[in-house]
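Notes to accompany the following structure.
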Amino acid sequence: MGAFLDAWGDLVLGACCPGCGHPALGMCRECAAGLRALQPGAVTRTLAGFPPTVAAGEYAGALRRVLLAAKERQALSQLPLLGRLLTRAVAGLLLGERPVGPVCLVPVPSVRARVIERGIDLTGTLAAGTARRLRRCGVEVSVRFAVRLERTPADQAGLGRTARIVNSSGAYRCVQPPPGSVVIVDDVVTTGATLAAMATALRTAGCLPVGAATVAHTARRGSR
Ligand SMILES: [Zn+2]
């Protein structure tokens, strides 16, 4: 019956699974099971200033497709799923680093023009959902958009490692040191240049971030 409904959905609505592209009403069972089975892990980058980082899974396969679709507002129904993955990454970081006191999630700021164009600040939205989930688990947590873009960096996609470092360096400024144990959150970590620049901006403002958590990480080479 499920297969019939999926085929019908594809025929009538053009519906397909955002994870694999096969006909389905929403995410197919295989993709959903694959994403649920992801285990968060530490991400290492040899970049100066790169903070301790945990990602929910590798930026590949279904996770990559769903993230790309969400950025283009084509898989908004999958935001809770992506939010749960980010929550797991944050929890993994907190368990490893064991900070004391309330936690403050600081999203990597999105380029304003892209937020307007897409109609969604993906990282901010996922951070808000993550905070809600952690609060339900008894964690005292807030979200602060404490870091702003000092200048608009070029789109990182297509840039190599060195170009990304130059592009991100000095791009962020902490406008108000956030309270508590600060965790930087982002959708994907690639070379680590963005997270290193974010951590540097926070340190410059006198705040030592606990680390960073992301939904996904690229393979070690750092190229998307
Ligand atoms: Zn699928």
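One-based numbering along the sequence shown. Both ligands and their constituent atoms are indexed starting at 1 by order of listing.
Residues forming a salt bridge (Lys or Arg N to Asp or Glu O under 4.0 Å) with Arg135 (at least two apart in sequence, or on another chain): none.
Although no hydrogens or angles enter the test, the distance criterion places a donor-acceptor pair under 3.5 Å between the side chain of Arg88 and the main chain of Leu38. At least one donor-acceptor pair closer than 3.5 Å links the side chain of Arg133 to the backbone N or O of Gly129. Put simply, the side chain of Ser181 gets close to the backbone of Val100: a donor and an acceptor are under 3.5 Å apart.
Of all protein atoms, those that are N, O or S and lie under 2.8 Å from the Zn ion (ligand 1) total 4.
Distance check, rounded to the nearest 0.5 Å: CG of Leu25 to OG of Ser77 gives 10.5 Å.
In this model, no donor atom of one side chain and acceptor atom of the other lie less than 3.5 Å apart for Thr214 and Asp186.
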